[in-house]
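Note that these values count all heavy atoms, side chains included, but never hydrogens, waters or copies made by symmetry.
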Amino acid sequence: MTHAGKGGGAARGRRRVLLAAAVLCGTLATPAGPAAAAAGTAPVPACRGGQLAANSAARLGSTQVRITVVNEGPKPCVLTGHPTVALAALGSPDRNKPLAVTREGTARPVLLRAGGTAETRVSFTPVLGEAEGYCASGARPAVAPSLVVGIAATRFQLAPDDGGEFALCGTAMRATAFRAAS
């Protein structure tokens with residue numbers, strides 16, 4: 001009987017160690033992180049568009065832009081997922097052309113403290129050649145002065161940081177999952 005009692009205690013001890021390891025590794029973490037799960041505090045709410053700001057699309061070469069999102073609210077929030085993207089026809093966010101977005105990477109919760117930032121990278125097939133340009137696929141190039149990016153159920157109209165226009169071939173883009181900005 002004593003042996004069975006020790007085995008049961010050892011099993012409970014192993015379960016506690018495994019639970020603690022799961023919390024520390026984030027497998028049982030709430031959107032607020034492992035500390036909140038361990039402390040039993042309420043999870044941090046999802047980010048709402050009204051507390052976020054996205055100001056520009058920083059070019060990372062001819063086929064990719066980085067979009068940075070800032071939590072301008074007074075409290076932390078959690079951002080998860082991928083953005084939606086559209087070309088802003090004639091520069092108007094209400095007259096946009098939605099693009100098919102291929103999601104890259106696994107979406108994980110990103111804790112944004114007040115003033116914290118997250119980013120996503122949006123890639124596209126570039127227009128080739130000079131002036132009017134052309135698409136290798138034979139498709140007609142699409143050109144717009146801005147993108148309309150959907151983040152947390154809010155649309156942000158973003159121009160490229162270099163003052164140029166967005167020029168792409170086709171109606172599809174790729175976007176990474178949001179991650180903490182470094």
Side-chain angles (χ1 to χ4, degrees), residues 14-88 93 96-126 144 146-162 166 168 170-182:
R14 278 193 300 274
R15 281 193 297 268
R16 284 186 192 126
V17 169
L18 291 174
L19 177 61
V23 168
L24 289 174
C25 292
T27 57
L28 288 180
T30 64
T41 59
V44 175
C47 294
R48 294 183 320 259
Q51 72 189 106
L52 300 176
N55 297 325
S56 73
R59 286 204 198 266
L60 303 172
S62 62
T63 64
Q64 190 176 66
V65 294
R66 179 182 54 235
I67 298 167
T68 303
V69 180
V70 179
N71 177 4
E72 291 187 334
K75 296 183 179 181
C77 66
V78 174
L79 182 64
T80 304
H82 297 77
T84 60
V85 183
L87 285 176
N96 66 60
K97 175 183 176 184
L99 300 171
V101 176
T102 300
R103 297 174 175 184
E104 295 182 339
T106 302
R108 292 189 172 84
V110 178
L111 174 64
L112 292 181
R113 301 196 186 285
T117 59
E119 68 179 42
T120 181
R121 294 177 185 227
V122 177
S123 307
F124 50 90
T125 304
S146 60
L147 295 176
V148 176
V149 181
I151 304 168
T154 301
R155 298 181 309 168
F156 296 93
Q157 185 173 0
L158 304 173
D161 65 341
D162 62 5
F166 292 102
L168 61 125
T171 59
M173 295 186 117
R174 296 172 306 281
T176 63
F178 286 104
R179 63 179 180 212
S182 47

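- Across all their heavy atoms, Val110 and Ala180 have their closest contact at CG1-N, 3.7 Å.
- For the pairing with Ile67, the side chain to side chain contact (heavy atoms under 4.5 Å, CB included) check across Val122, Asn55, Val85 returns one residue only, Val122.
- Between Ser146 atom OG and Leu158 atom CG the span is 8.0 Å, to the nearest 0.5 Å.
- Residue pairs meeting the side-chain hydrogen bond (donor to acceptor under 3.5 Å, both in side chains) criterion with at least one partner in residues 62-74, sequence neighbours excluded, are Gln51-Asn71, Gln64-Ser123.
- A cation-pi arrangement is absent between Arg108 and Phe178, since the terminal nitrogen or guanidinium carbon is not both under 6.0 Å from the aromatic centre and inside a 45° cone about the axis.
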Problem set entry | Step-by-step side chain to side chain donor-acceptor pair (under 3.5 Å) determination, Glu104 to Thr176 | CA-CA 5 Å; Glu104 295 182 339; Thr176 63; over 6 Å; no
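- Among all heavy-atom pairs drawn from Pro83 and Ile151, the shortest one is CB-CG1, 4.4 Å.
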Exercise. Taking it one step at a time, do Phe156 and Leu52 satisfy side-chain contact (heavy atoms from CB on, under 4.5 Å)?
Worked result: CA-CA 10 Å; Phe156 296 93; Leu52 300 176; 4.1 Å; yes
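- Considering all non-hydrogen atoms of both residues, Pro109 and Thr80 come closest at CA-OG1, 3.4 Å.
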Exercise. Do Leu147 and Leu87 pass the side-chain contact (heavy atoms from CB on, under 4.5 Å) test, and can you show the C-alpha distance, the side-chain angles, and the key distance before you say yes or no?
Worked result: CA-CA 5 Å; Leu147 295 176; Leu87 285 176; 3.5 Å; yes
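- How far CZ of Arg48 is from CG of Leu79: 13.0 Å, rounded to the nearest 0.5 Å.
- Between Asn96 and Ala86 the shortest heavy-atom distance is OD1-CB, 3.5 Å.
- Here the closest heavy-atom approach between residue Pro160 and residue Phe166 is recorded as CD-CE1, 3.3 Å.
- In plain terms, the two heavy atoms of Thr154 and Gly50 that are nearest each other are OG1-N, 4.3 Å.
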